[in-house]
Protein chains: 4
Amino acid sequence: MDRAILSIMERNRIESPDPPSRGPGRPRSREAHAAILTAAIDLVREVGYDAVTMDGIAARAGVGKATVYRRWAGKEQLVVEALGLLVAAMPVPDTGDTHQDVLLLMLTHLRMYQDPATGALLSGLVAAMARSEAIAHAVRSGFIAIRERALRGVLERGAARGDLPADVDPVLATELLNGPLFYRYLIHGGPMDEAQVHGVVRAVLRGLAPGA
Amino acid sequence: MDRAILSIMERNRIESPDPPSRGPGRPRSREAHAAILTAAIDLVREVGYDAVTMDGIAARAGVGKATVYRRWAGKEQLVVEALGLLVAAMPVPDTGDTHQDVLLLMLTHLRMYQDPATGALLSGLVAAMARSEAIAHAVRSGFIAIRERALRGVLERGAARGDLPADVDPVLATELLNGPLFYRYLIHGGPMDEAQVHGVVRAVLRGLAPGA
Amino acid sequence: MDRAILSIMERNRIESPDPPSRGPGRPRSREAHAAILTAAIDLVREVGYDAVTMDGIAARAGVGKATVYRRWAGKEQLVVEALGLLVAAMPVPDTGDTHQDVLLLMLTHLRMYQDPATGALLSGLVAAMARSEAIAHAVRSGFIAIRERALRGVLERGAARGDLPADVDPVLATELLNGPLFYRYLIHGGPMDEAQVHGVVRAVLRGLAPGA
Amino acid sequence: MDRAILSIMERNRIESPDPPSRGPGRPRSREAHAAILTAAIDLVREVGYDAVTMDGIAARAGVGKATVYRRWAGKEQLVVEALGLLVAAMPVPDTGDTHQDVLLLMLTHLRMYQDPATGALLSGLVAAMARSEAIAHAVRSGFIAIRERALRGVLERGAARGDLPADVDPVLATELLNGPLFYRYLIHGGPMDEAQVHGVVRAVLRGLAPGA
DNA sequence: TCCTAAGCGAGACGGTACGTCCAGTCTTCGT
DNA sequence: ACGAAGACTGGACGTACCGTCTCGCTTAGGA
């Protein structure tokens, strides 16, 4: 997976908060960076967020713990970033049909929950967000913002097209659509099936656009 | 709070997973049981879920650690039950007006998130559910089931009354209504305001009952 | 072994420090008393003094812990008394030959160390004596005093007979004879063999009675 | 006392059973090692062997518990080594007079029992030896061996000089001399006085060397 | 004969030490 | 001046044992 991580890092211009210094001495190893992220993701996938330890990540990555802490301030920050890599790229559908666009977006979203790695991360992150405002901020402005931005784009095109009322509240819409998916995954412990996603989209769009 | 806990325990017939044995020997102390739950709730309220320790709970309850571990297998199980007590009693509104009933239920739900103690517990529990199927089961069949049962009752009365289609999917309805509240609290870090809850209820009921 | 304990108890008129009260109420059970002592001895034999627990003794004896604590103040007191039973009866030889008498006494003593139960008790008791003056007193005035009294009797007969100087110091003699046996057992971890006991007796008697 | 401990450690090349690995990584701290031993000795002196706790030692040494357990497997092992340091250095007298040499050795030995710290350790160690063959081995090959080696040296010089028979059994001699001191301390709860030590030495040497 | 006080087995109680584990930091090498 | 390795402090974890305290139930003696 190292290759994938490296290429995603490049694509998304991911940078550590403390980037490689330019001065003399041995430069930081990109390999170490990628190995740590890979190890973090793999371990979360295997044993779950809480059972992951920094010692474990360092050992799996073949790296000293100091090398981890030189780049991230703690376990949560590291895992947030690792998760961010997995979800950074999210295509925004634009088929000309609002209902179709929303549905595609939701199914992409659903696919994420069907991946055990991402799914397992999710619940840990929710707790981490409650513990630390810094993490909450990171998650909101990464993971969540990407999703909400995509959804908002689709809804705005829909409003421009006249499929939705011009005054539809994007915050309300986001919560009506994303909320049920989260609820189902976090509370009932597994992803929805596709038919249920269809039902959610149908009901929410109908609820938002009474005349439609 | 001990009194309240004791009476709630009685009312709800809350029992530990390993209830007092019926055989010979000194019976388990109800006072200790209540004191532990009280201490757990108070400490979560004061220092947050993660900073709570079993030693701290035992000390605050004036109880030995063994007495805690005799009843609960760990911190999470204990806190799950403590949370369950707080939310066990939830009045089911029945005003004759479906929209009004759903709204009242949601506002009761909202009130829970506005209480820092319950709110703080929630995110920890979500993570705990992901860690352990036993906890997940406990939360689902307590905390969650109570809420969903109440909601379902209201919807069924609504369907009987003709306010909602007879074939409305109760699972879908539950997720459409509860999901946004959870999403907002867990992801955006604070409860909705009442106006937003009105918006959610209006949109969802409209989405479920197109002709209404 | 219960039978043996009961009969030894009777023979030696062993009584607990807090004997059954004479008043009304159910009298203390002799069976329980003997079962506890037996269990204590057996467990020491099997797992060693330190690994013995009061819960273990009570369980093995088929007795409640309160029944144990009603009779003895703690583990050490109980084990001291249990050991006392094993060694209460010690025949004092009187063959008319001082060297022979001392030797017989020492070999009896030796036999005690060769019994794993008594041997294992011994080292635990030494530590217990250091911890508590009450135990030290109990051991000294039971276990130890019995041995030293026997030895002193033999030496006095020897002095009367003219085999030993009249002014031989009985304290010195006791320590010269018993010391090496203890030292060997406690420090080197096993009993002397009989030949070595012969050597000790020969050297000590010669040292005490220069002209002999 | 840290200085003293460190210098004794160096002099005697004392090493933990699990010595600092030679490979990469941070080496074990000599300061921590010495601080732990010092704390152990001081605490035994102050509160007695049984009341010493590992938490207490770690706290007094200003060290985490893991640092203690990385070096020693438990309380007993630690205290054995601490005691070993106290008695490592024992001068072997060589005055040219065998009786005098033995007496000096015994009085040095006696002095040890007169120190409350060492004395208190002793009885705990005896019990520890019975519990664990590893501890027994450590005590025998340290504490005890040093004493017995010194005594043997003196006796051999005496035999060479003709003060003692050439065939005197060194094991027998050791036990005859050391046994009474141990017996007195462990069983009667206090050290001999010097006059009694004179008596022991006189009797034992006379017993070993009949013609002397 | 019944009452009543004390003992009985069982096991929970408050405490306390144990030995393990992890987080986040620091220190030594070797590269 | 980086890298890996691993020891460092600190503190929570869950277990085990101690000596005490209830439970509901015998089991005598005295009334």
Side-chain angles (χ1 to χ4, degrees), chain A residues 20-21 23-29 31-32 51-56 58-59 61-70 72-75, chain B residues 20-21 23-29 31-33 50-56 58-59 61-71 73-75, chain C residues 20-29 31-32 51-56 58-59 61-75, chain D residues 20-29 31-33 50-56 58-59 61-75:
Chain A
S21 57
R26 179 173 173 177
R28 293 215 183 139
S29 154
E31 286 74 21
V52 171
T53 66
M54 291 301 255
D55 292 75
V63 141
K65 281 208 295 176
T67 302
V68 180
Y69 279 101
R70 203 172 288 121
W72 292 276
K75 177 166 117 177
Chain B
S21 54
R26 178 175 179 173
R28 299 225 179 125
S29 156
E31 286 73 23
H33 203 101
D50 276 66
V52 170
T53 69
M54 293 300 257
D55 291 76
V63 141
K65 280 209 293 175
T67 300
V68 181
Y69 281 101
R70 205 172 286 121
R71 291 169 159 76
K75 180 165 112 177
Chain C
S21 56
R22 304 259 162 250
R26 178 176 177 174
R28 295 214 184 138
S29 155
E31 287 73 22
V52 171
T53 67
M54 291 301 255
D55 291 76
V63 141
K65 281 208 296 176
T67 302
V68 181
Y69 280 99
R70 204 172 287 120
R71 292 169 159 79
W72 293 276
K75 177 167 117 178
Chain D
S21 54
R22 306 257 162 251
R26 179 176 178 174
R28 299 229 177 119
S29 156
E31 286 73 23
H33 202 101
D50 276 64
V52 171
T53 68
M54 292 301 257
D55 290 76
V63 141
K65 279 209 294 177
T67 300
V68 180
Y69 280 100
R70 203 172 290 119
R71 290 156 205 282
W72 295 277
K75 181 165 111 175

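Computed from a predicted model, the values in this text were never measured in an experiment. Throughout, a chain's letter reflects where its sequence line sits, starting with A, and its residues are numbered from 1.
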Inset, instruction - For A:Lys65, enumerate each residue passing the salt bridge (Lys or Arg N to Asp or Glu O under 4.0 Å) test, keeping only those at least two apart in sequence or located in another chain. - result: A:Asp55

Inset, instruction - Would you kindly give the CZ-to-P distance between D:Arg28 and F:dC8, to the nearest whole Å? - result: 7 Å

Inset, instruction - Report yes if a donor N or O on one partner sits less than 3.5 Å from an acceptor N or O on the other, where the partners are the side chain of B:Arg26 and the base of F:dC21; otherwise report no. - result: yes

Legend entry - 5′-ward residue of the pair B:Gly62/C:Ala59 relative to DNA chain E: C:Ala59

Legend entry - Side-chain N or O of C:Ser29 closer than 4.0 Å to phosphate OP1/OP2 of E:dG7: no

Inset, instruction - Rounded to the nearest angstrom, tell me the gap between atom CD in D:Glu31 and atom C1' in F:dA7. - result: 13 Å

Inset, instruction - Give the minimum heavy-atom separation between C:Val52 and C:Lys75, together with the two atoms involved. - result: O-NZ, 2.9 Å

Legend entry - side chain to side chain contact (heavy atoms under 4.5 Å, CB included) partners of D:Ser29, counting only residues at least two apart: D:Glu31, D:Ala32, D:Arg71

Legend entry - Nucleic acid footprint by protein, nucleotides 17-24 of chain E - heavy-atom cut-off 4.0 Å, B for base, S for sugar-phosphate alone: SSBBBSSB

Inset, instruction - Identify, between A:Ala58 and D:Thr67, the residue whose nearest nucleotide on DNA chain F lies closer to the 5' end. - result: A:Ala58

